[in-house]
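First the structure, in the form of C-alpha cells, and then the observations on it.
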Amino acid sequence: MYLKTGVADKELVSNALPTEERRASGPYAIIECFQEIPCNPCTEICPFGSILPMDDINDLPRMDYDTCTGCGLCAAICPGLAIFIINESYSDTVASVGIPYEFVPLPQKGDVVKMMDRAGEFVTDGKVLRVVPNKKYENTPVVTVEVPKDKVNEVRFLQLKQEAEVAMPTADPNDEENLPDTTIICRCENITVGEVRKMIDQGYDDFDELKRLIRTGMGPCQGRTCRHLIMQEISRKTGKKFEDIELGAFRPPTKPIQLEQLIGGKEDV
Amino acid sequence: MSNPKTANVVIIGGGISGVAIAWNLAKKGVKDIVILEKKTVCSGATGRCGAGIRMQWGAEQNCLLAKMSVEFFENANEILEYDRDVEFDQGGYLIVAGNEKENEQFKKNIALQNSLGIPSKHLTPQEAKEIVPHMDETQIVGATFCQKDGHLNPFNTTEAFAKAAERLGVKILKKTKVTGIDVKNDKIVGVETTGGYISTPLVINAAGGWAQEVGKMAGVDLPLYSERHQILVTEPVELIQDPMYMAFSLNIYIQQTPHGSFIMGRSNPEEPRDLRQTSSWQFLHEMINTCTTLLPPLRKLNLVRQWAGLYNMTEDAQPIYGKVDNVEGFWLACGYSGHGFMLAPATGILLTEMILGEPLSIDITNLDLGRFERGELCFETSVV
Amino acid sequence: MLRIEEHPILTFEKGKLVTFTFDGKELQGYEGDTIASALHAAGVKVMGHHHVSGRPRGFYCAIGNCGSCLMIVNGEPNIRVCVVPLEEGMVVETQNNRGDLL
Amino acid sequence: MREVDIAIVGGGPAGLMAADAAATNGASVLLLERDGHLGGQLVKQTHKFFGSEKQYASVRGVKIATILEEKLQGMSDLVEIWTDATALGLYEDGVLTVEKGKEFVKIKPKRIIVATGASEKFLTFVNNDLPGIYGAGAVQTLMNVNGVRPGQRVLMVGAGNIGLIVSYQLLQAGVEVAAIIDAAPTIGGYLVHASKIRRAGVPIITSHTVTRAYGKEAVEGATIVALDEKWQPLPGTEQELDVDVICISVGLSPLAELLWQAGCEMRYVPQLGGHVPVRDHHLKTTVDEVYIAGDLTGIEEASSAMVEGRLAGLAAASSLGFKSDSLEADILDCKEQLKSLRSGPVGDHINQGMAQVMLDK
C-alpha cells in the first residue's frame with residue numbers, strides 16, 4: 001500500500017524500531033526512509049556515527065542504536081523530513097515525539113496541538129514541549145510534542161489537518177465518453193481532438209501533415225504544449241508506435257519576438 | 001495494402017504540380033497512375049511557398065497561363081468537390097514600383113494585360129495607399145493593382161487536388177522515395193523505390209527542388225538548379241491588408257492570410273544553390289528591414305516562425321514542360337523558378353494535353369527542354 | 001486574499017506599491033510583479049477570450065510561450081502579460097480578438 | 001557579432017555548474033538565462049535536495065541557486081551573465097540568436113552548451129483550456145517567485161516528484177490541496193515526499209485521472225475517475241471535486257528545440273522522457289561544437305543536472321585547449337558522481353536510457 005498511498009505499512013515501521021529494551025532507555029531517532037534513493041546527508045551529520053556509512057549512496061540508512069542519543073540533528077537535516085525523534089521514557093506517564101515541521105504558523109512551547117498519524121488522521125492532542133528552529137540546518141524546525149506513550153509511534157504530524165475529503169461519487173455514469181471530440185488539444189489554434197481524429201481517420205498520420213492541414217502546433221507555442229498529445233492521438237488511433245511517428249520540424253525562433261527588434265543588423269549581414 | 005507493381009504513369013513528387021497533373025490525367029480516363037512522394041503530400045516547396053497567384057506578368061504567355069489558373073482557382077472547391085476550403089482570397093496584388101524605370105515598364109505591362117482581358121490598372125502612390133492604408137507611399141513612385149489576383153492556402157489546395165485524384169483511382173504513395181529510374185534502350189521501363197519496383201512506361205518529373213536529382217536518375221542532366229528561398233510568418237492580428245504587397249525591385253512580397261498572420265518572403269541572389277532548406281538569421285534582418293520601411297506599422301507584429309523552401313530555377317526563370325527527346329517516356333514539369341504553385345492548374349491541364357497528344361489550350365511548346373540548346377530563352381522580368 | 005503574507009521558508013520583500021488599471025478599474029500590485037501575477041493576486045483569472053471560439057483564456061505557462069495570456073497593454077495588443085513586469089500607470093485591457101494593429 | 005569561447009544556454013543547475021567549470025579552466029563564458037534571475041527551477045525549490053554533499057544535499061534548491069551564482073560572480077573577468085536573455089535560434093553558421101531584454105543579439109561562440117532543461121507535458125481532458133488550469137511550473141512561479149497563491153483549493157494531477165513537491169509547497173503557502181491523483185497504480189515520486197504530504201491530510205489517489213474541468217469562465221471543479229489495470233476509466237467511479245485550480249504535473253519533455261534546429265541527431269528514449277540528443281561520454285552531441293547538460297539529456301534530478309553541467313563545462317573548455325592540472329581528475333570525478341547517483345533502483349531506467357544514446361562505450 002505504501003507505493004499507492006504514501007502511508008508506510010505498519011511492518012515497515014515496526015521493523016525500523018529498535019529493541020524494546022532500547023526503546024525504554026532514552027531518546028532515539030527513527031528513520032522512516034524505506035526507498036532506495038541517492039541520498040546520504042544523515043550519515044554525514046550524525047556526530048556519534050550512529051547512522052552507519054553507506055557503501056552506495058542509494059543504500060537505505062542503517063542505525064546503530066547503541067550509540068544514538070536522539071540528539072535530533074538528523075531530523076533537522078533529512079531532505080525527506082523522514083526522521084523523527086522518539087523519547088518513550090520522557091516521563092513515567094508520557095512520551096515525546098520530535099517532528100520536523102515546515103509550516104506557518106509555527107507552534108509555541110506550551111501550545112496544545114492536534115496530533116495526526118501517517119495518513120493525516122487525528123489521533124490525540126499533544127502539548128508542545130519545545131521548538132528548535134534549526135537555522136543552521138536550512139530552517140527546518142523540529143517541534144517536540146508530549147503524547148501518550150502508546151501513541152508515540154503512531155503520531156507523525158501536527159495541527160495542519162485539512163478539511164479536504166474526497167467527495168462521494170455524484171457524477172452520472174452515463175456521462176459523455178471519456179474524451180469527447182470537443183476537447184481542445186491545441187490551445188493556441190483552438191483545435192479540438194475531434195478535428196484531429198477526423199484527419200487521422202482520413203489517413204493523415206504524421207504530425208507535420210496535421211500541422212499543415214488543421215494548424216495544430218502552428219501557433220505561437222510551436223507545438224510545445226500539443227505536439228506530444230497529437231502524437232499520442234495518432235499512435236492511439238493508428239496503432240503506430242509513438243517512436244515511429246515523426247516529431248515534425250522545429251523552426252526558429254523558440255518564442256515569438258517583435259519584428260521591431262529585428263530591424264537593423266546590417267553590420268553583421 | 002501493398003504497393004502497385006505496375007503503373008501506366010508514375011509521377012515523382014507529391015507537390016501541387018504532381019497532384020494537379022495526376023488529377024487531370026485521371027479525369028481524362030488514364031488508369032493506374034501512381035504518385036511517389038518521399039515524405040508527405042505538400043511537404044516540399046508547395047508546403048513552404050507563399051501561395052500567391054497573380055495575372056500581372058510581363059510576358060503574354062505567363063499572363064495567359066496565370067489567367068487560366070485564376071479561373072480554375074475561382075471555382076476550385078466546386079470543381080475538385082473539396083469538403084474544406086482552398087481559401088482563395090482575391091484581395092488582389094499590389095505591385096509597387098520603386099523607381100521610374102520600373103513604373104514605365106509597369107505601364108507597358110498593364111497595356112498588355114488589359115489586352116488579354118486581365119483587369120489590372122496603374123495607380124499613383126496615393127491611390128495605392130487607399131488600398132493599403134498602412135503603407136509609406138513616399139517609398140514608391142507608382143503601383144499596379146489587379147483585384148482578381150490573390151492567394152490561397154497551399155496545404156488545402158494541394159489536398160483538394162490530391163483527394164480528387166484519389167477518388168479517381170490515383171494512388172499516392174507517401175514516404176516512398178525514388179531511388180532509381182530504370183531506362184532500357186533509351187526508354188523508361190520502371191522506377192525503383194524504397195517501397196519496391198514499379199514497372200511503367202511513363203515517368204513525370206514533378207520533383208520540384210529535387211528535379212535535377214530525378215533527372216540524373218534517368219541519365220539526363222537538366223539545366224536546373226535549386227535555390228533556397230526564405231519566408232517568415234507572424235502572429236495573427238485583425239485583418240488590415242487585403243492585397244498581396246509586392247516589390248520586384250526589392251525582391252519581397254508581404255501578405256496577410258485569412259487567418260490573420262502575415263506571411264512575407266524575400267529573394268536573395270546570394271542564397272545557397274543547393275538542397276539546403278535551413279533558415280538564416282540574415283534573412284530576418286533583410287526581410288524585416290525592408291518590410292518595416294514599406295509598411296511601418298507591421299513593426300509591432302510578433303514573428304512566430306521562419307522557414308525555407310527550394311525554388312527550382314532555370315536560366316530564363318520559366319518552367320520546363322514537355323518530354324525528354326532521348327529518353328522515351330520521360331516527361332518534365334519542373335523548373336518553375338518560384339511560380340509552380342500559381343501555375344499548377346494550367347500545368348495539370350497542359351501537361352495532360354501534351355501527354356495525350358491533344359491540341360494545347362495554350363501553346364507552351366516553346367517552354368520545352370530544347371530551348372536551352374536552341375538558345376531560345378523566354379525571359380520574364382516581373383519576378384521575385 | 002491570494003498574496004502570501006507569511007511563509008515558512010521564503011520571505012517576500014514586497015516592492016513599491018504600483019497602481020494600474022484593468023479594463024478601466026484601478027488595481028494595485030507591487031514592483032517585481034508581472035502584469036499577470038498582479039492581476040491574479042487581484043482575483044482576475046480571465047485575461048481574454050479566444051477570437052474564434054470565445055472561450056476564456058488565462059495565465060497558463062508563465063514563461064511567455066503559450067500565448068494564452070495575450071492582453072492589450074498601453075494600447076498595444078498581443079502582449080504576453082505573464083512575462084511583462086508591472087509598471088506604474090499601465091493601462092491593461094482584456095483582448096477578445098486577434099489584436100488591432102492599426 | 002558577439003564572440004566568446006563558450007556560450008551556455010540556460011542558467012539552471014546544469015548551466016550554472018557548466019559556467020563555473022568552464023571558467024575555472026580559463027575559458028570565457030557567456031551564460032544566458034531566459035528568466036530575470038539565475039537558478040532556473042532551483043529558485044522555485046523550497047525543499048532540501050537529496051544526494052550527497054557534492055551536489056549540495058540537504059540544502060534548499062533556492063539557496064543552491066544563490067551559492068552557485070555567487071561562485072560565478074567571483075569570476076566576473078571570465079563569466080558574463082545575461083538574464084532576461086532567451087536563445088531564439090541556433091543557425092547553420094553556428095550563430096546563436098538571443099532576445100536580450102528588448103534587444104536582438106547575435107553571438108558567435110566557439111562552443112555552445114545547451115542546458116535548456118525541460119518543458120511540461122500536458123493532458124487532454126474536457127475544458128482543459130479553462131483559466132485555473134496551470135502547469136506545475138507556473139504554479140511554482142506564481143507562488144514562490146511572485147508570492148501569489150494560485151487559488152484556494154487545488155487538484156494536483158500527477159504524483160511524481162514535482163507533483164508531490166508542489167503540493168507540499170501549496171500547503172506551505174496556505175493553499176488547500178484537495179487531492180493528488182495519478183494515473184499510474186503507484187506513486188512515482190520519492191515516498192518520503194509522499195509521506196510528508198499524506199500525513200498533512202492530503203489524499204493521494206493512484207489509478208485515477210482527471211476527465212473534465214467544469215466552470216463558466218474559470219475552473220470551479222473537476223471530475224476524476226478511477227482507471228483499471230489497462231488504464232481505462234471505470235464507469236461509475238466518477239467523483240467531483242470542488243477546486244478552483246487544477247495543477248498539471250504529468251511529466252517533463254526534454255526541451256531540445258535548439259538542438260533540432262542545429263541538426264543534432266536525436267533519438268526517442270522513453271526512459272529519458274522523450275526525444276533526446278545522441279551524445280558521447282563528455283556530453284558532446286553529433287554536432288561538434290554543441291554540448292548538452294541537464295534535463296534535456298534525459299529527465300533526472302537536479303543533482304545529476306549539476307554534475308552533468310560541470311562535466312559539459314569541463315569537456316567543452318578542454319576541447320578548446322583550456323586545461324587546468326586537475327582537469328582529468330575532475331572529469332573522472334563527474335563520471336563517478338553520475339555513476340553513483342544512478343546506481344540505485346531509481347537510476348535503473350536512466351542507465352537503460354543512456355545506453356541507447358551513447359556514441360562511445
Side-chain angles (χ1 to χ4, degrees), chain A residues 2-8 32-41 44 56-58 77 79-82 102-103 116-120 138 156-157 160-162 164 166-167 169-171 173 175 178-180 183-185 187 193 224-225 228-229 243 247 250 252-255 257 261-262 268, chain D residues 1 48-53 57-60 86-89 99 102-104 106 119 121-122 124-126 128-129 172 176-179 186-187 190-192 194-196 198-204 206 211 223 233 235-236 238-241 253 257 260-261 268 275 340-341 343-346:
Chain A
Y2 188 27
L3 278 167
K4 285 181 181 293
T5 62
V7 180
E32 301 195 357
C33 176
F34 307 118
Q35 185 185 34
E36 292 176 36
I37 57 175
C39 188
N40 69 7
E44 312 260 326
D56 183 305
I57 192 173
N58 288 281
I77 202 152
L81 307 194
E102 294 179 330
F103 293 94
M116 314 297 174
D117 67 8
R118 293 179 183 82
E138 292 286 318
R156 286 297 177 266
F157 197 63
L160 196 99
K161 173 81 167 84
Q162 297 230 332
V166 178
T170 52
D175 205 357
N178 189 35
L179 193 59
T183 306
I184 303 274
I185 194 163
R187 305 169 61 91
V193 176
R224 229 180 241 192
T225 315
H228 282 87
L229 299 176
E243 56 261 49
L247 209 50
F250 289 83
T254 57
K255 66 169 257 209
I257 176 171
Q261 291 167 244
L262 291 138
D268 296 319
Chain D
M1 187 85 62
K48 295 185 284 192
F49 274 40
F50 298 98
S52 73
E53 200 182 345
S58 282
V59 180
R60 298 191 191 278
T86 307
L88 299 173
E99 186 188 30
K102 276 271 166 194
E103 201 186 338
F104 181 79
K106 296 172 292 282
S119 64
K121 289 182 184 167
F122 195 52
T124 35
F125 55 91
V126 179
N128 63 4
D129 57 336
Q172 288 181 311
E176 210 180 312
V177 179
T186 56
I187 294 165
Y190 288 171
L191 292 168
V192 284
S195 296
K196 71 187 191 191
R198 190 70 187 88
R199 64 184 186 245
V202 177
I204 301 175
T206 51
T211 57
T223 306
E238 293 83 357
Q239 301 177 56
E240 293 190 358
L241 300 177
S253 299
E257 291 157 5
W260 288 99
Q261 287 178 21
Y268 178 73
H275 287 82
S340 150
L341 287 170
S343 65
V346 291

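By convention in this document, chain letters (A, B, ...) are assigned in the order of the sequence lines, proteins followed by strands, and residues within each chain are numbered from 1.
A search for salt bridge (charged side-chain N to carboxylate O under 4.0 Å, His left out) contacts involving D:Arg198 returns nothing, not counting sequence neighbours. With sequence neighbours left out, the salt bridge (charged side-chain N to carboxylate O under 4.0 Å, His left out) criterion links D:Lys48 to no other residue.
Relative ring orientation between D:His275 and A:His228 is described as tilted, the plane-to-plane angle lying within the 30° to 60° band.
Judged by distance alone, with hydrogens and angles left aside, the side-chain atoms of A:Thr254 form a donor-acceptor pair with the main-chain N or O of D:Ala87 at under 3.5 Å. With hydrogens and angles ignored, the 3.5 Å screen pairs a side-chain donor or acceptor of D:Ser195 with a backbone N or O of A:Gly6. At least one donor-acceptor pair closer than 3.5 Å links the side chain of A:Glu138 to the backbone N or O of D:Arg60. In this structure, A:Asn40 contributes its side chain and D:Phe50 its backbone to no donor-acceptor pair below 3.5 Å.
Only the side chain of A:Arg187 comes within contact range of chain D, with heavy atoms under 4.5 Å apart. Looking at A:Ile77, the atoms closer than 4.5 Å to chain D (heavy atoms on both sides) sit in the backbone and in the side chain alike. A:Gln35 touches chain D through its side chain: at least one heavy atom from C-beta onward sits under 4.5 Å away, while N, CA, C and O do not.
Between A:Leu81 and D:Val192 the shortest side-chain heavy-atom distance does not fall below 4.5 Å.
A salt bridge between A:Glu32 and D:Arg199 is absent, with no side-chain N of the basic residue lying under 4.0 Å from a carboxylate O of the acidic one.
No hydrogens or angles considered: nothing links the side chains of A:Gln261 and D:Glu103 as a donor-acceptor pair under 3.5 Å.
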